[in-house]
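A short write-up of the structure that comes next.
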Amino acid sequence: MPNSYRKRQPVPHHHPSSTRLSSSAATIHTFSDKSISESSRKLHRTYSVTSSFNDPYTADVLLRIFVDRSAFDSDAPSDSTRQSDIQIYLHTDVIRRAKYFAALLSDCWQHQTRPDANSDNGAEGSRSNDQDNNKNLVRLNLGVSDNDPNSITVRLTVLQLLYTSDFATVINSASTAIEILPVALELLFEDCVKSCLKFLEAVPWSEEEEKRVLSLIPFLREEESKELLARVSPGKDDSCEDMLHGLILSAIHNHPNMAFVKAFVAKLLRDFSSRESARRVLERSFESSLKVVKESLEEYTSPDFRGDHNETEAIQRLNLHTAMTNGRHLLWLVERMIELRVADSAVREWSEQASFTADLQRAFRDDAWRNIVPGLPSVVLRCTCKLANAVAAGTILAARQVRMKLVKDWLPVLLVCKDNVSPTLPSHKTLYLELEETFLRIISTLPMSDAQILLQQCLSFSTRNVEDCPHLITAFNTWFRRATQPPQLENLD
């Protein structure tokens with residue numbers, strides 16, 4: 001092949017057992033001039049040249065398409081092999097659109113007639129006399145793989161596309177474009193390659209089609225594969241995390257149908273293959289929401305009274321609403337982190353909120369919040385309860401200091417809520433009791449000295465009827481039992 005033509009890599013050609021290339025529907029062993037003529041008429045109205053496909057009266061090229069059997073097959077060709085050899089009448093001015101044929105024709109004219117011109121070699125051709133039409137024809141051979149029953153069918157289709165400039169009548173589905181593209185690459189039919197790629201770039205693919213497209217990427221030039229690769233190749237290493245973070249932000253901030261969207265994003269997080277990526281995304285969102293809640297409460301509890309009274313009041317209401325909204329987001333994030341068992345960092349962060357819990361206590365001792373965000377105490381305590389329950393259950397293995405500080409900083413918030421927030425609502429009463437029990441369970445895991453200090457702060461868990469607070473009785477009985485038993489180190493001596 002002349003150096004002026006760029007040689008592409010050999011393209012492996014694979015097809016499913018059934019093809020939808022309607023322009024060449026005959027099977028390998030039943031090709032006939034009639035069937036080829038009929039299929040060629042389907043493209044007739046789109047021809048941009050005067051020559052017709054497989055027209056023996058005007059053709060100057062006779063192309064033999066044959067099954068190229070390997071040397072390991074039987075020496076004599078089988079009946080099916082002979083029947084699959086077909087001859088197609090073509091025109092040099094048309095088939096030169098494919099650089100493969102242009103190179104072959106150029107080679108033929110240079111070498112003229114050769115003794116072995118009829119050998120089964122696609123790179124050889126000759127000038128010979130056709131007895132039927134009494135004219136000289138250039139004879140070319142094109143071998144196809146014998147392990148694919150659709151090889152000839154697809155090549156016939158591509159040969160017919162040489163006679164048209166309107167490829168859309170044939171290349172009308174992703175599977176068809178994938179069938180044609182390897183043959184177009186093999187024959188260096190650039191217009192057809194461009195048309196296949198243009199179609200594949202614009203339409204969706206099934207998972208199987210995507211695999212087949214990717215298998216063809218190595219045989220494309222860089223500029224040809226750029227758009228195809230852009231669909232399946234992430235632009236940067238952390239694109240999955242950016243995507244997940246964007247979905248979380250959209251679910252908790254921007255989408256009007258929040259409940260359904262949150263449920264969908266929660267499923268995506270559960271099904272995501274990388275637990276560490278999910279952890280980083282959730283931790284990032286958790287820290288962001290917690291920061292907003294803390295800043296809103298800080299501004300609420302330390303207002304600037306230098307402005308107009310009405311303006312100050314409006315700002316205070318805005319601060320409470322901001323804290324409430326982001327508190328709900330925070331609760332959803334905590335639930336997702338616990339569900340995925342990636343809440344370790346959240347527990348540590350929650351246990352280091354002395355300033356935040358102090359602001360909460362000041363806010364809940366005031367009555368202003370009651371008519372603005374009556375659900376704020378419940379949201380904050382639910383976050384605490386979720387994290388504390390995970391610690392007490394062993395879902396999160398927290399260090400001793402983390403467990404102690406979690407109870408030490410958040411126990412006063414629970415006590416203030418019990419004293420200042422009406423416990424008459426069944427949901428509030430249940431929440432308070434659950435958090436009391438959970439704190440007492442965590443206290444039981446602490447050293448005796450730490451447990452002694454914290455248990456004394458739990459006396460307000462008691463009720464009018466002593467028998468109604470068994471969790472508190474059990475906690476103190478456990479501590480006294482441990483305190484009165486002989487030291488274990490002495491017994492070991």
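Source: prediction; values computed, not measured.
Nearest heavy atoms, Leu455 versus Ala475: CD2-CB, 4.0 Å. Taking every heavy atom of both residues into account, Ile442 and Ala392 meet most closely at CG1-CB, 4.0 Å. The minimum heavy-atom distance linking Ala174 with Val203 is given by the pair CB-CG2, 4.1 Å. The minimum heavy-atom distance linking Ala177 with Phe199 is given by the pair CB-CD2, 4.2 Å. In terms of heavy-atom proximity, Leu415 sits nearest to Ser460 at CD2-OG, 2.8 Å. The shortest non-hydrogen separation linking Ala346 to Met337 is CB-CE, 3.8 Å.
Looking at heavy atoms from C-beta onward, Gln353 lies out of side-chain contact with Leu360 at the 4.5 angstrom threshold. Looking at Tyr300 and Asp359, their side chains never come closer than 4.5 Å, going by heavy atoms from C-beta outward. The shortest side-chain heavy-atom distance between Phe356 and Leu290 falls under the 4.5 Å cut-off. For the pair Met324 and His321, the minimum side-chain heavy-atom distance is 4.5 Å or more. Residues Asp409 and Ser351 form no side-chain contact, since every pair of their non-hydrogen atoms from C-beta on lies 4.5 Å or further apart. Residues Ile248 and Leu269 are in side-chain contact: their nearest non-hydrogen atoms beyond the backbone lie under 4.5 Å apart. Counting heavy atoms from C-beta outward, Trp205 and Leu228 have side chains that approach closer than 4.5 Å. Between Arg212 and Leu216 there is no side-chain heavy-atom pair separated by less than 4.5 Å.
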Can you list the steps and then say if Leu381 with Tyr432 is a side chain to side chain contact (heavy atoms under 4.5 Å, CB included)? CA-CA 8 Å; Leu381 290 183; Tyr432 296 160; 3.6 Å; yes
Kindly determine whether Arg279 and Asp344 satisfy salt bridge (charged side-chain N to carboxylate O under 4.0 Å, His left out), including the steps that lead there. CA-CA 10 Å; Arg279 176 198 295 274; Asp344 311 63; 3.6 Å; yes
Does His329 form a side chain to side chain contact (heavy atoms under 4.5 Å, CB included) with Val292? I'd like the steps, not just the answer. CA-CA 11 Å; His329 303 335; Val292 173; over 6 Å; no
Give the intermediate values and the outcome of salt bridge (charged side-chain N to carboxylate O under 4.0 Å, His left out) for residues Glu190 and Arg221. CA-CA 12 Å; Glu190 301 297 341; Arg221 301 186 184 101; 3.4 Å; yes
For Asn326 and His253: C-alpha separation, side-chain torsions, deciding distance, then whether side chain to side chain contact (heavy atoms under 4.5 Å, CB included) applies. CA-CA 9 Å; Asn326 284 273; His253 289 296; 3.8 Å; yes
Is there a salt bridge (charged side-chain N to carboxylate O under 4.0 Å, His left out) between Lys198 and Glu201? Walk through the geometry before answering. CA-CA 5 Å; Lys198 184 178 180 181; Glu201 289 166 7; over 6 Å; no
Quick one, Arg155 with Glu186, criterion salt bridge (charged side-chain N to carboxylate O under 4.0 Å, His left out). Give me CA distance, side-chain angles, the key distance, then yes/no. CA-CA 10 Å; Arg155 278 161 179 76; Glu186 178 185 323; 2.7 Å; yes
Are Met258 and Ile252 close enough, and set up right, to give a side chain to side chain contact (heavy atoms under 4.5 Å, CB included), and what steps lead you there? CA-CA 7 Å; Met258 192 176 296; Ile252 65 180; 5.6 Å; no
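With a 6.0 Å radius and a threshold of 12 heavy atoms from other residues, nucleotides or ligands, Asp271 has its CG atom above the threshold. Residue Arg341 qualifies as open at atom CZ: its count of foreign heavy atoms under 6.0 Å is 12 or below. Atom CZ of Phe476 has more than 12 heavy atoms from other residues, nucleotides or ligands within 6.0 Å. Within a 6.0 Å sphere centred on CZ of Arg284, heavy atoms belonging to other residues, nucleotides or ligands number 12 at most. Heavy-atom contacts from other residues, nucleotides or ligands closer than 6.0 Å to NZ of Lys262 number more than 12.
Although no hydrogens or angles enter the test, the distance criterion places no donor-acceptor pair under 3.5 Å between the side chain of Arg365 and the main chain of Val416. The backbone N or O of Gly246 lies less than 3.5 Å from no partner atom in the side chain of Ser250, so there is not a single donor-acceptor pair. In this structure, the side chain of Asn319 engages the main chain of Ile315 through a donor-acceptor pair within 3.5 Å. Using modelled atom types, no side-chain atom of Ser302 and backbone atom of Glu299 make a donor-acceptor pair closer than 3.5 Å. Thr301 places a side-chain N or O within 3.5 Å of a backbone atom of Leu297 that can act as its donor or acceptor partner. Side chain of Ser285 to main chain of Leu282: no donor-acceptor pair is present (N/O by atom type, distance under 3.5 Å, no hydrogens or angles). Thr322 places a side-chain N or O within donor-acceptor distance of the main-chain N or O of Leu318, the cut-off being under 3.5 Å. Arg275 contributes a side-chain N or O that, together with a main-chain N or O of Leu340, makes up a donor-acceptor pair within less than 3.5 Å. Side chain of Trp369 to backbone of Ala363: a donor-acceptor contact under 3.5 angstrom is found.
For Thr445 and Arg441, the side-chain atoms include no donor-acceptor pair closer than 3.5 Å. Checking Trp350 against Thr384 by side-chain atom types alone, a donor-acceptor pair falls below 3.5 Å.
Put simply, CD on Glu227 and CG on Leu220 are 12.5 Å apart, with the number rounded to the nearest 0.5 Å. Here the straight-line distance linking atom CG of Leu454 with atom CZ of Arg403 works out to 12.0 Å at 0.5 Å rounding. One finds the CZ atom of Arg280 at 11.0 Å from the SG atom of Cys240 (value rounded to the nearest 0.5 Å). In this structure, Asn389 CG and Glu437 CD are separated by 9.5 Å, a value rounded to the nearest 0.5 Å. Note that CD of Gln316 and OG of Ser296 are 10.5 Å apart. Values are rounded to the nearest 0.5 Å. Atom CG of residue Leu411 and atom CZ of residue Phe461 lie 5.0 Å apart, to the nearest 0.5 angstrom.
The side-chain hydrogen bond (donor to acceptor under 3.5 Å, both in side chains) analysis of residues 471-484, with sequence neighbours excluded, yields the pairs Glu436-His471.
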